[in-house]
Amino acid sequence: MPESSLRPIYWEDDVVAIIDQRLLPHKRVVLRCTEPQQVIRAIKTMAIRGAPAVGIAGAAALALGALTLKAADPQTFRRKFVRLCRQVKEARPTGNNLSWAVEKVYSVVVENPEADVFQLRRLIREKVEALMAEDVAANRAIGAWGRKIVPSGARILTYCNAGALATADYGTALGVVRAAFAEDSSIHVYTCETRPFLQGSRLTAYELMVEGIPSTLITDNAAGSLMHQKRIDVVVVGADRIAANGDTANKIGTYTMAVLAKANDIPFYVAAPRSTIDPALADGSSIPIEERDPREVTHWNGRAVAPKGMAALNPAFDVTPNRLITGIITEVGVLRRPFKRTIKKALEA
Ligand SMILES: CSC[C@H]1O[C@H](OP(=O)(O)O)[C@H](O)[C@@H]1O
């Protein structure tokens, strides 16, 4: 059992335990994975979700693969392992953390050309555990930097779930909230439900209730009205992929929140570790946007909401242009314009 009940993924000896977030907040079911395909399926079905958590899960899938791959010699092991790395990377396309984590784990294999299969298995497992610890440390640092942008008694609007459940623990946007609350119990969080997967009403609300942080659930449609009534002081969201110029992909609807914040002169911050930044992308125009099953829109809990046969669009993310972003809160500081320069500097820190 992990030290924090909100850790979405943890090791039980050589088993990868994953909380099935599709069933939260009312049921806590743990998926116990012994094969990489089980973890890949958990990522695809969003049993585990959240860019950093998906990266950690992808890395854990590789550690399971290293244990279960049938390879009599290191060459066969390496050949099969490369194939598995490609499979894991394809599990979800938008978040940068998945491919980033796979590359980090694969680098262990490349950097140890003389290692035998047993040594590679150990080195890969150690790398995965290090990535988990590094993500938690990064989130706590994001919280420490981020609390400085939260005014005393602030009413914070957040979107989707960028909490402990979306990372290895503690969260990014909710890491900022946790750090601010630790110093100022008068803050108040407004969490958007975040249709259609309801990460806000099911997961963020769950985290805030568990932590005893004053909070209110709102429909996505209510956000603009609250901002217009001057009932929101700052918006803080997570991210799935940040381009070199600061354009940011995040849950569908984030762009709407950014436009509304701009229209109401409310600061809009993105909170993310550097593992979410994709320096190879000059801007957000080429960030791959995952299209998910339209039934996530037309149905809920297996029951039809829309008429039978109704077509539905279900892009899982949108891209917020950097001009709508006040700052990007990372583990090495709050990045401001010009993002191309400050992001480059942050990646070199
Ligand atoms: C810590 S940022 C997590 C990020 O991932 C979420 O997407 P999904 O639930 O589809 O994995 C959302 O965009 C969050 O902001």
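The shown structure was predicted, so the numbers you read here are calculated from the model rather than taken from an experiment. Start at 1 with the first residue, then count along the sequence. One-based numbering, in listed order, for ligands and for the atoms of each.
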Can you list everything that forms a salt bridge (Lys or Arg N to Asp or Glu O under 4.0 Å) with R155? Sequence neighbours excluded, please.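 Testing R155 for salt bridge (Lys or Arg N to Asp or Glu O under 4.0 Å), a comparison that skips the adjacent residues, returns D233.
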Under the criterion side-chain contact (heavy atoms from CB on, under 4.5 Å), I'd like the reasoning laid out for E35 against T68: C-alpha separation, chi angles, the key distance, then a yes or no. CA-CA 7 Å; E35 296 285 341; T68 55; 3.9 Å; yes
Show every side chain to side chain donor-acceptor pair (under 3.5 Å) that has at least one partner inside residues 298-320, sequence neighbours left out.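 Qualifying pairs, neighbours excluded: E296-N314.
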Minimum heavy-atom distance L98-V54, with the two atoms named: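 Result for this residue pair: CD1-O, 3.6 Å.
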Geometric cation-pi criterion R125 and W11, 6.0 Å radius, 45° cone: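 Yes, cation above the ring, under 6.0 Å and within 45°.
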For R49, side chain to side chain donor-acceptor pair (under 3.5 Å) partners two or more places apart: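 Listed in chain order: Q21, N161.
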Which protein residues have a heavy atom closer than 4.0 Å to any atom of ligand 1, listed by chain and number?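 Its neighbours under 4.0 Å (heavy atoms only) are M46, R49, G50, A51, P52, R92, C160, N161, A162, A166, T167, T172, Q199, G238, A239, D240, N250, K251, F317, given by chain and number.
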